Amino acid sequence: MRRRWWSLLAAALLTAGTLLPASPAMAAPTFKVPFPCGQSWSGQTRSDHSPAYAIDFNRTDDLGDPVVASAPGTVDRVTDLGGTSYGRYVRIDHGGGYTTYYAHLNGFNVSVGQTVGYGKVIGWVGSTGGSTGPHLHYEQRVNGNDIQVRFNGSLALYWGTKTYSSDNACSGTTGSGTVNTAGANLTVRSGPGTGYAAVGSVADGTRVTIYCQTSGTTVTGTYGTSSIWDRIGTGRYIADAYVYTGHDSWIPNVPRC
Ligand SMILES: [Zn+2]
């Protein structure tokens, strides 16, 4: 009886979740320092900065050093403003209204529409635009408004200069993708194949973190035929043929399970 009641409740919740529109009040992503794991960078905030809550990062001989995504997301701007403002900059959309900006880059390593995970190199430190020396200008925004930067949930120093150590992708790189089934829920399996038990489902349009990829049953889905399966949690796999990852095959830098 208890079991049945629980099943009915779960079904009701699933139905409600299907009918409700996407929640506008998503929790903030866990942002990481936008440099490779283990590096230390001096980050400066100042009240006359534009926008005010941006951080300028420096370290010795930093021209050309790699800049990495501070959280999983989709690149939605790769823009060169020439000799003004941000110069060459990248914006990443993290969902829920959250975006991050990486400005004055020397060059780009991503393109618009590309899905990125923690630690993905998106470009290199430069001095383009309205910059007088190499540095990374970094911002976090919600719905377009700049917010005070947080790394791992901890507020950056306002105002002043502080050393920030990166733990970005220290335990390996994850990828991310968006489920695209043209409407139906996608079945989550306990292993990489259709013969494994169904352990849940994800709705069309769900953004997933991909911890690793492996080969399994060949599936024909929205993005063609593939035997790649994505592990999106412990004992949770979905067919990559239904996931937009920005890559036709294996996602670079995401480990094999
Ligand atoms: Zn700046």
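Side-chain atoms are counted along with the backbone in the values below, which use heavy atoms only and exclude waters and symmetry mates. Keep in mind the model is a prediction, meaning the values are calculated, not measured. Just follow the structure's listing: the first ligand is 1, and inside any ligand the first atom is 1.
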Checklist entry - For the Zn ion (ligand 1), which protein N/O/S atoms are closer than 2.8 Å? => result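 Checking every protein N, O and S atom gives His49 NE2, Asp56 OD1, His137 ND1.
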Item to check | Side-chain donor/acceptor of Ser131 to backbone N/O of Gly133, under 3.5 Å | outcome: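 Flag set: sc Ser131 to bb Gly133 pair under 3.5 Å.
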Checklist entry - So, Asp167 side chain and Ala169 main chain: donor-acceptor pair closer than 3.5 Å or not? => result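 Here the side-chain-to-backbone pair does not exist.
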Checklist entry - Given a cutoff of under 4.5 Å between side-chain heavy atoms of I, L, V, M, F, W and Y, with clusters grown through shared members, what are the other residues clustered with Tyr118? => result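 Under the 4.5 Å side-chain rule, Tyr118 groups with nothing.
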Item to check | Partner set under salt bridge (Lys or Arg N to Asp or Glu O under 4.0 Å) for Arg207, not counting sequence neighbours | outcome: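 Not a single residue meets the salt bridge (Lys or Arg N to Asp or Glu O under 4.0 Å) criterion with Arg207.
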Next on the checklist: Distance alone, cut at 3.5 Å: any donor-acceptor contact between the side chains of Glu139 and Tyr89?
Outcome noted: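 Side-chain D/A pair, Glu139 to Tyr89: absent.
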Item to check | Residue list, side chain to side chain contact (heavy atoms under 4.5 Å, CB included) with Phe108, at least two apart or on another chain | outcome: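 Phe108: side chain to side chain contact (heavy atoms under 4.5 Å, CB included) contacts with Val78, Arg88, Val90, Leu105.
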